[in-house]
Amino acid sequence: MQRIGDAPLVRRLLITAAVLLSGLFLLLPLVAIFAQAFSQGVSVFWSNVSDYYTLHAIGLTLMIALLTIPVCLVFGVALAWLVTRFDFPGRRLLQTLIDIPFAVSPVVAGLIYLLLYGRNGWIGGWLDSYDIQLMFAWPGILMVTIFVTCPFVARELIPLMQAQGSREEEAAVTLGASGWTTFRRVTLPNIRWALLYGIILTNARAVGEFGAVSVVSGAIRGQTNTLPLHLEQLYQDYNAVGAFACAALLALIALLTLAAKAGLEWRAARREAFA
Amino acid sequence: MSQFALRRSGSTRVLPGFGLSMGISVLFISLVLLLPITGLFGQLAGLSLAEYWAIITEGRVVASYMVTIGAAAVAALVNAVFGLLLAWVLVRYEFPGKRLLDALMDLPFALPTAVAGITLATLYAGSGWMGSWLEAIGINVAYTWVGIALAMAFTSIPFVVRTVQPVLEDMPVEVDEAAMSLGATDGVAFRRVIMPHLWPALVTGTGLAFVRSLGEFGAIIFIAGNMPYETEITALMIFVKLQEYDYAGASAIASVVLFVSLALLLAINIWQGRFVRRLHGGNA
């Protein structure tokens, strides 16, 4: 009954190595963020966070995330429905295309938007003649954020909906349910947790995007500075404690994301155990 | 909607929403993903072939390719070993804190890259917690290519762990038992029994980590030092050209990065497709 690598010595050695390495490589940076943020006490941390420009950056970042999520949600659900419920030529191509944002460097993502919608671009130039400016303003930040986050919801839903199959929905439709009713009453309860996790991932990435946003934002303090950009400016200005105060806020969102994932996985495992 | 579906229920498409979901998906992919790429080609069209070639083969730019590819390769190889170890330990052993370790694996994905960037730079600078004792034994990490590789490894480790983990989980106990009952040692059994199952996933995960590292920006620029010819990554070169309002130069370099990453993505997808088909044997 012994399995490979089950000898006590091998086991202990491998576990120790894994824990030590992850501790140094992954956990230590996390600890360092909070240690730096609070290195001059809670009141300094607080005054850094409640600084006008920091508050403005937090507000802008939250607004971008709030606007990004519904767009990615509609797209993700539509795409997942399409590729898991229907068979058509080009299905695999669509699934490959949605991976583009994962492969494209964030800086390149920002650049292609800047080229098209910037004042010299063919769409941007045309909009400029109507005095509409997208780049170096919040709409540009929103556009590139949607670009980098759009695969998350779809990627969470597709494997799940593929595994679940379409039998329940087919039954509902055959019994006379409308498409919307079928989706709301049959599909949605089945996918809600994956959907929620997709949203959490979208949020985490939307809040933290740096490369793409730094190309199109212009990073004007109090205007187009998102929290990651603000953090960079503080860091470049040798205000490390201020930078890490912003970093701690973002790390907190990351930790909540991880906790949500662990919670959802735990839930799924428990349901499987009872089923 | 339902009448429409019922009318078509004789065909394979019983479910409604094909037109709507196709419409949304195609519109979104065209507008958000594909249309902006045309902007890049529009910009490139203004360059002659000789100008284009001159930009992408300029010394400082070529040096940035070398730094990026070299550091990404080192990071991917280190992650292949480290990721395999972590996946193995997480799947095969029970120990206190295992759930916590498992959750920690996703940290690099969840943590904003700029946060990772300033944190690693602070930790590994000469005065930092890690940097001070590494410097004492003669290793400089910050502002060298080692720091770049470190930042790349940090941001891309989940790719390897999360690709290998499910494959390892799906491996039946019998495989182990057969090998062990035939008297194979751990080393031999791992090499001859486990690895043949695992390496397609390991290659996929390592490949994804490599692609991610090639494009990484936020996590790297703080620790890299950004010395021309020495520690400048290609993503930074694009950024530098943009700050100089050299849109043509930025686009030319970006086209190289875009082409390489899309080609690698396609290769990984084909590789994965083949690997999945082989797993399902003759059925597919």
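Each chain gets a letter, A, B and so on, in the order its sequence line appears, and its residues count up from 1.
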query = If only atom types and distance count, is the side chain of B/Tyr93 paired as donor or acceptor with the main-chain N or O of A/Asp6 below 3.5 Å?
reply =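 Answer holds: no.
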Find out whether [X] and [Y] are in side-chain contact, i.e. whether some heavy atom of one side chain is under 4.5 Å from a heavy atom of the other.
X        : Y        : result
A/Phe210 : B/Ile221 : yes
A/Phe86  : B/Met22  : no
B/Phe28  : A/Leu79  : no

Specify the closest pair of heavy atoms between [X] and [Y], including all atoms of both residues, with the distance to one decimal.
X        : Y        : answer
A/Leu116 : B/Pro36  : CD2-CA, 3.7 Å
B/Leu33  : A/Pro101 : CD2-CG, 3.6 Å
B/Phe217 : A/Gly211 : CD2-CA, 3.6 Å

Tell me, side chain or backbone of [X] under 4.5 Å from chain A's heavy atoms, or both, or neither?
X        : answer
B/Leu104 : both
B/Ser251 : both
B/Phe109 : neither
B/Leu265 : side chain
B/Ala116 : neither
B/Thr122 : both
B/Met237 : neither
B/Phe154 : both
B/Leu208 : neither
B/Leu111 : both
B/Leu90  : neither
B/Val257 : side chain
B/Leu123 : side chain
B/Leu35  : both

key: Under 4.5 Å from a heavy atom of chain B, the part of A/Phe183 involved   =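 Interface part for A/Phe183: neither.
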Contacting moiety of A/Gln36, where chain B heavy atoms sit under 4.5 Å = side chain
So does [X] have more than 12 non-hydrogen atoms from other groups sitting under 6.0 Å from [atom1]?
X        : atom1 : value
B/Gln243 : CD    : yes
A/Gln95  : CD    : yes
B/Leu27  : CG    : yes
A/Arg91  : CZ    : yes

Of all of [options], which one pairs up most often with chain B through heavy atoms under 4.5 Å apart?
options                                : value
A/Ser22, A/Ala204, A/Ala247            : A/Ser22
A/Ile100, A/Thr257, A/Leu111, A/Val104 : A/Leu111
A/Leu229, A/Leu97, A/Leu21             : A/Leu21
A/Val215, A/Thr182, A/Val83, A/Val207  : A/Val215
A/Tyr117, A/Trp266, A/Tyr113           : A/Tyr113
A/Ala35, A/Gly5, A/Ala154              : A/Gly5

request  = On the 0 to 90° scale, with breaks at 30° and 60°, tag the A/Phe88-B/Phe18 ring pair as parallel, tilted or perpendicular.
outcome  = perpendicular
task = Just do the side chain to side chain contact (heavy atoms under 4.5 Å, CB included) check on B/Leu20 and A/Trp81 with the steps written out, would you?
result = CA-CA 10 Å; B/Leu20 182 66; A/Trp81 181 265; over 6 Å; no
request  = Could you tell me which of B/Ala235, B/Gly187, B/Ser255 has the largest number of non-hydrogen atom pairs under 4.5 Å with chain A?
outcome  =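 Result: the option with the highest number of such pairs is B/Ala235.
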request  = Look at B/Val115, B/Val260, B/Val193, B/Leu120 and state which one has the largest set of heavy-atom pairs under 4.5 Å with chain A.
outcome  = B/Val115
key: Residue pair B/Val32, A/Phe75: steps toward the side chain to side chain contact (heavy atoms under 4.5 Å, CB included) verdict   = CA-CA 11 Å; B/Val32 174; A/Phe75 165 67; over 6 Å; no
message = Checking A/Glu232 against B/Ile118 for the side chain to side chain contact (heavy atoms under 4.5 Å, CB included) test, could you report, in this order, the C-alpha distance in whole Å, the side-chain angles of both residues, the deciding distance, and whether it holds?
response = CA-CA 8 Å; A/Glu232 184 210 8; B/Ile118 65 165; over 6 Å; no
key: Criterion side chain to side chain contact (heavy atoms under 4.5 Å, CB included) on B/Arg92 and A/Leu14, from CA distance to verdict   = CA-CA 11 Å; B/Arg92 290 303 183 103; A/Leu14 291 180; over 6 Å; no
